[in-house]
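Notes follow the structure.
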Amino acid sequence: MEGYRKLKNSELKRKTIAQFREAPKTPLIIILDNIRSLNNIGAVFRTADAFLIQKIYLCGITATPPHRDIQKTALGATDTVDWEYHESTMDLINTLQKENIKILSIEQAENATMLDNFIPELDQTYAVVFGNEVKGVQQAIVSASDQVIEIPQYGSKHSLNISVSAGVVIWDLFCKLTS
């Protein structure tokens, strides 16, 4: 049996900022709708970097880089992942839908599609909306979405941290969109 040796940072084949910007992106956009926690915002940036996400939109009360607490968890991903601030999530949703981008709200809702049952169209760009840590995605945004996706949960809480939800959803969609 072969042993395992942890890889050194120099062995990880990390992209430079320039290489990241030039790399083909996953046809996935992240929308953070009124996220309070700066650490959650930074963690989403870091996950977006890991899976070559096209762009992050920060909306409403969601803080924007540069900020020390975002940087603490983003570890420089705010320099690689394209991002933009919009005050109104609804205005952004309307604009993206006019550009033929499908809006997926991640929420527990009537008639939601379970994430494991969601089959994306391979030639389609999706924008995934993650909502406030307490209130979730605004009902108006849920209503305006092309589809609502729910992460199956089987325990007693039925509540995941937004950065964990983003990691689960981004990984799942990355696998489905790039396979």
Side-chain angles (χ1 to χ4, degrees), residues 25-63 73 77 81-179:
K25 300 299 185 286
T26 306
L28 198 55
I29 294 165
I30 305 302
I31 300 172
L32 299 182
D33 178 33
N34 292 305
I35 304 302
R36 296 177 312 170
S37 166
L38 301 170
N39 291 324
N40 282 338
I41 297 163
V44 171
F45 266 96
R46 199 153 129 202
T47 302
D49 175 277
F51 298 107
L52 293 168
I53 298 307
Q54 196 172 309
K55 190 167 192 171
I56 296 176
Y57 286 99
L58 308 168
C59 299
I61 67 165
T62 307
T73 49
V81 179
D82 282 341
W83 65 271
E84 194 174 308
Y85 175 78
H86 281 259
E87 185 174 341
S88 169
T89 308
M90 185 57 78
D91 289 349
L92 173 63
I93 298 295
N94 291 332
T95 299
L96 293 175
Q97 285 176 322
K98 288 176 187 164
E99 296 171 9
N100 197 34
I101 294 170
K102 300 275 187 198
I103 308 301
L104 305 175
S105 282
I106 306 304
E107 191 55 85
Q108 296 164 328
E110 288 180 341
N111 302 311
T113 301
M114 291 298 166
L115 179 61
D116 52 333
N117 293 327
F118 177 69
I119 301 170
E121 299 170 42
L122 298 182
D123 60 345
Q124 177 66 54
T125 299
Y126 292 93
V128 184
V129 183
F130 296 95
N132 177 273
E133 291 89 340
V134 175
K135 298 178 182 178
V137 179
Q138 300 173 60
Q139 181 60 55
I141 302 303
V142 169
S143 297
S145 297
D146 295 294
Q147 203 162 352
V148 176
I149 305 297
E150 183 174 339
I151 300 169
Q153 298 176 57
Y154 304 101
S156 63
K157 300 301 175 209
H158 287 259
S159 173
L160 293 171
N161 179 281
I162 188 272
S163 65
V164 173
S165 294
V168 168
V169 170
I170 291 169
W171 169 248
D172 182 83
L173 294 179
F174 173 83
C175 291
K176 290 173 179 174
L177 291 167
T178 60
S179 61

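All values below were derived from every heavy atom in this structure, side-chain atoms included, with hydrogens, water molecules and symmetry-related copies excluded. Keep in mind it's a predicted model, so treat the numbers as computed, not measured.
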Where does the angle between the aromatic ring planes of Trp83 and Phe45 fall among parallel (under 30°), tilted (30 to 60°) and perpendicular (over 60°)?
perpendicular
Report, as yes or no, whether the 6.0 Å neighbourhood of atom [atom1] on [X] holds more than 12 heavy atoms from other residues, nucleotides or ligands.
X: Glu87; atom1: CD; value: no
X: Asn111; atom1: CG; value: no
X: Lys176; atom1: NZ; value: yes

Euclidean distance, [Y] [atom2] relative to [X] [atom1], rounded to 0.5 Å:
X: Leu28; Y: Phe174; atom1: CG; atom2: CZ; value: 10.0 Å
X: Thr62; Y: Tyr85; atom1: OG1; atom2: OH; value: 7.5 Å
X: Leu160; Y: Phe130; atom1: CG; atom2: CZ; value: 10.5 Å

Would you please test Ile106 and Glu150 for side-chain contact (heavy atoms from CB on, under 4.5 Å) and show each step?
CA-CA 6 Å; Ile106 306 304; Glu150 183 174 339; over 6 Å; no
Which pair of heavy atoms, one from [X] and one from [Y], lies closest together, and at what distance?
X: Ser105; Y: Val142; value: OG-CA, 4.0 Å
X: Asn161; Y: Asn40; value: OD1-OD1, 3.0 Å
X: Asn34; Y: Ile61; value: OD1-N, 2.8 Å
X: Val148; Y: Ala109; value: CG1-CB, 3.9 Å
X: Cys59; Y: Ile31; value: SG-CG2, 3.9 Å
X: Asn132; Y: Arg36; value: ND2-CG, 3.7 Å

Counting only N and O atoms by type, is there a donor-acceptor contact under 3.5 Å from the side chain of [X] to the main-chain atoms of [Y]?
X: Gln124; Y: Asn100; answer: yes
X: Asn117; Y: Thr113; answer: no
X: Tyr126; Y: Glu121; answer: yes
X: Arg46; Y: Ala77; answer: no

Under 3.5 Å side-chain donor-acceptor pair for [X] and [Y]:
X: Gln139; Y: Ser143; result: yes
X: Thr26; Y: Gln54; result: no
X: Ser37; Y: Asn39; result: no

Can you list the steps and then say if Gln108 with Gln153 is a side-chain contact (heavy atoms from CB on, under 4.5 Å)?
CA-CA 10 Å; Gln108 296 164 328; Gln153 298 176 57; 3.5 Å; yes
Dump the intermediate steps for side-chain contact (heavy atoms from CB on, under 4.5 Å) on Ile141 and Glu107, then the final yes or no.
CA-CA 11 Å; Ile141 302 303; Glu107 191 55 85; over 6 Å; no
Residues Leu58, Ile56; criterion side-chain contact (heavy atoms from CB on, under 4.5 Å); working and verdict
CA-CA 6 Å; Leu58 308 168; Ile56 296 176; 3.6 Å; yes
